[in-house]
Participant: 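Encoded as structure tokens, here's the structure I'll be asking about.
No hydrogens, no waters, no symmetry mates; every other heavy atom, side chains included, goes into these values.
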Amino acid sequence: MIEEDTRSAHLVSRAHASAEAPTVIAIEPPPNGLDRGLSWKGGAASPAAVEKSKNYDVTSAPDVSLPLDPLLTHGVFENGCQFYVRPCSKPSNSCELRLCVRVGSLCEEEHERGVAHFVEHMGFKGTKSFGHGELISYLSSLGMQYGSCLNAHTNQDETVYKLSVPLPPRVPAATATAIAADEARVLAEEERKGRLSMAINVLNEWATGMRISDEDVQTERRVIQEEWRGKNGASRRILHKYWDAVFAKGGANLIAERFPIGLPEVFMNCDPQVIRDFYRKWYRPELMAVVVVGDIDRLEQEHVLEAIRSTFAVIPGDLTDAGTPSNGIDNGPRPLAPLPTVELPRHPHDLVLVLEDAELTQTSVSLEFFEKLTVANTLTHVRSDVVKRLFTTLVDQRLGAISRRCDGNKAGPFLGAGIACRPVVPDLNCTTLNAICKDDPQSIAHALQALVEECTRAAEHGFTPSELTMAKLKWKSAFSLQLAQEPNSMDVVEDARQHFMRDHATPFAGHTAELGACLELTDDVTLFEVNEYCKRFSVITWGNNGYIDGAEDGPGTDMGACGAAQKKTDTIVTATAAVPDDPHRFRQLTLQHPISEGVGGAIEGSWSEERLRLLLDEALDKVRSSLPTPWADLGIKESLMASPPPPGRVVSVTHLPKLQATEVELSNGIVVAFQRSSRRKEHVAFQGFALGGSSELNELEETAFCMIDEVAGLSGLGELDGDALANLTSTWQTR
């Protein structure tokens, strides 16, 4: 089982690598799949596919709710249980099933910390139809590997049980004799339906029939202890410090304390009845959704719907919480427990945080911008989401360009830098600018100064038309690439989970409609919109969180904890005027770096928050006294070559039937072999090589050879410098 903790944004920021700089993350503008917590998934299409996707005018009714995916069957039973069923042919002969329960560690009381996760484990120990260990053995006999095909996770706000069911291939109509074909086809159909029914029954037993025996609880304690011990490393220690600063000190104690893994004193010692009581109290139909997405035809879809109806619709929906308490005294029915109200953090001032640990392997500086995350199933929300994505790409382009710069032997301000925009917890979003640097005071100061300057440059001057054009090209390429592909069952399952967990607020209009809208909106977004959005990331007013109401403060307003009184210029006021009022909006400077133990046990290399705050004050003073100049607009290079080279001629053509390929020899001696493939649409793969290699080089040549990839990427190609080459190749979705 996988126990998923929420992760802090600074630990998941992407770095542009230069030279040997390590990459920390994951958000890659434009990514192959977009974070559904913010809205969409990206992807590519032929003009015909794009035209077909235009089901509505993206400018005519921006606040109208988007329709549900026409291939989706979604409903709610009288007991409150929801279901999502959708055919999806990729991958073939496979079906993804989920039981989503809107219950996680936030529902725990103090003496139950870790019980939600414990219940998840109990689902795999035994149910009313499967004894101890029998469920895993049975599913393994069907080809379902424990871990990849059979799993679950517990978060603060949800528990999700997962099945990936392999289905027997359908039998083609024309095989052997007609009678044999019919018999084989009927057997295959019955086997497929049988497996689907079995999987739905397993979900139902997780929902209503966990055994949770005293013996099972006792044997599982050590398993959970090992899971806790295995994750109790540097990342967990750093995460606890981070959570304490962001949530506990901001009044969001429930989020800060309720880590899903729980407390050892609870999961090692709690009475088994406490676990049973939690299960009976919270595993209720109105808090559940069943999701089935896979390679199923119309008849199989009807079979799945009937199987769900016959198992989940009959779960009593009006039960009171009548479980027997752990003291053995049953006082009768009690009112159903409501889901807890979770407070988000509020900080009157911006924060400075130092995260140190001896097991950390690199140093990073992050500027983090927190705000309440809202979602809506409207084109207005989709448009704002597209603006966010364009903004992250624009910032990413600039940080990448700075990473590639060098002045002789003088290194740039950081080893690598990037931007991430994602929820820290479901309702709190964090936009993080992160720079990786060397672990010395001067390098940390240079990295912080560069981040402050680029935030200020973007907020005060905005981006250039050519930068926006390039960012749009990247996103249109990403959206179009995915639009040309069939949706994947795993992606659709995740969309359904988000739709359920967000009370139907997230768009779920379907692969074609969503991506088509994104393509149109990407074209429609203006430079003014992006630059207005960018103003909320100004750092000029750092310290007073007066960037919530900074536009109302008069000249000479105190800048707060991070600086002396500063007179705001008209330019600075303009940069903060567009920020919406949000009581959960705050900023944080985070330094994450390793420390070591010296002679006598003294800690070496430690930083105090006051020292970091003074460093920030110095950086802010520089940009307040002299604003950075606008970014130079260098235009767009649309081709690798200004003009194509003189053509040669084909010397010979050789067919290779065993490889289903063709070999062509050109007049310059180059041999080209090509093969047509239908495995991936809109995809072309190239590989070039020559005889020889590093074994034929001397020591000096070998050293140069090891650096050739990095040098080629940094120096560019032909008339394109490194920045232009990086931007151009990113619009092609190359790697």
Side-chain angles (χ1 to χ4, degrees), residues 14 27-36 38-59 62 66 379-398 400-401 419 421 462-488 491 507 509-531 533-534 633-640 680-684 720 723-735:
R14 176 182 182 272
I27 264 198
E28 197 168 355
N32 293 327
L34 309 185
D35 187 350
R36 194 66 180 188
L38 290 177
S39 275
W40 300 102
K41 295 189 172 46
S46 64
V50 175
E51 190 62 34
K52 182 180 178 182
S53 70
K54 297 179 181 179
N55 297 328
Y56 32 75
D57 184 354
V58 297
T59 60
L66 300 176
L379 285 174
T380 298
H381 169 72
V382 179
R383 187 185 190 95
S384 67
D385 193 71
V386 170
V387 170
K388 289 180 185 178
R389 300 189 187 287
L390 290 170
F391 165 76
T392 59
T393 298
L394 288 162
V395 174
D396 200 68
Q397 288 175 174
R398 288 191 177 181
I419 182 171
C421 179
F463 298 97
T464 67
S466 63
E467 285 182 296
L468 180 60
T469 299
M470 182 58 66
K472 285 186 174 184
L473 286 173
K474 292 180 180 181
W475 278 109
K476 288 168 67 177
S477 174
F479 291 140
S480 297
L481 181 62
Q482 191 164 340
L483 187 53
Q485 307 294 328
E486 292 292 329
N488 188 286
D491 294 334
H511 180 80
T512 303
E514 291 179 7
L515 293 169
C518 284
L519 279 167
E520 288 191 73
L521 288 167
T522 301
D523 270 332
D524 197 54
V525 166
T526 65
L527 183 61
F528 175 80
E529 287 178 86
V530 177
N531 286 341
Y533 176 76
C534 182
D633 190 350
L634 301 178
I636 297 176
K637 304 292 186 180
E638 298 184 354
S639 175
L640 284 172
R680 294 186 62 183
K681 297 179 181 178
E682 307 289 331
H683 178 79
V684 180
L720 305 181
D723 295 342
L725 180 62
N727 285 332
L728 181 61
T729 54
S730 67
T731 65
W732 301 335
Q733 294 293 297
T734 59
R735 65 179 180 87

Participant: Measuring from atom CG of Leu390 to atom SG of Cys534, what distance do you get when rounded to the nearest 0.5 angstrom?
Facilitator: 12.0 Å
Participant: Can you name the side-chain contact (heavy atoms from CB on, under 4.5 Å) partners of Asp633, sequence neighbours left out?
Facilitator: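 Expected list: Thr464, Pro465, Ser466.
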Participant: What heavy-atom pair brings Thr393 and Lys474 nearest, and what distance separates the two atoms?
Facilitator: CG2-CD, 3.8 Å
Participant: Considering non-hydrogen atoms only, spot the tightest contact between Arg383 and Leu521 and give its length.
Facilitator: NH1-CD2, 3.7 Å
Participant: Between Trp475 and Arg389 (side chain of the first, backbone of the second, donor and acceptor by atom type, cut-off under 3.5 Å), is there such a pair?
Facilitator: yes
Participant: What residues form a ring-ring contact (aromatic ring centres under 6.0 Å, His included) with Phe391, not counting sequence neighbours?
Facilitator: Tyr533, Phe537
Participant: Let me confirm one number: the NE2-CG distance from His381 to Leu379, rounded to the nearest 0.5 Å.
Facilitator: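 Atom-to-atom, His381:NE2 and Leu379:CG are 10.5 Å apart.
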Participant: Flag the pair Lys476 / Asp523 as yes when at least one side-chain heavy-atom distance between them is below 4.5 Å, and no otherwise.
Facilitator: yes
Participant: Asn488: what forms a side-chain contact (heavy atoms from CB on, under 4.5 Å) with it, not counting sequence neighbours?
Facilitator: Lys90, Pro91, Met490, Asp491
Participant: Quick one: CG on Leu473 to CG on Leu468, what's the gap to the nearest 0.5 Å?
Facilitator: 9.5 Å
Participant: Please give me the minimum heavy-atom distance between Pro487 and His511, naming the atom from each residue.
Facilitator: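 Looking at all heavy atoms of both residues, the closest pair is CB-ND1, 3.7 Å.
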Participant: Show the nearest heavy-atom pair for residues Leu483 and Leu519, with the distance to one decimal.
Facilitator: CD2-CD1, 3.9 Å
Participant: What are the two closest non-hydrogen atoms of Phe463 and Val530, and how far apart are they?
Facilitator: CD1-CG1, 4.2 Å
Participant: For the CG atom of Leu394 and the OG1 atom of Thr392, what is their distance to the nearest 0.5 Å?
Facilitator: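 Those atoms lie 8.0 Å apart.
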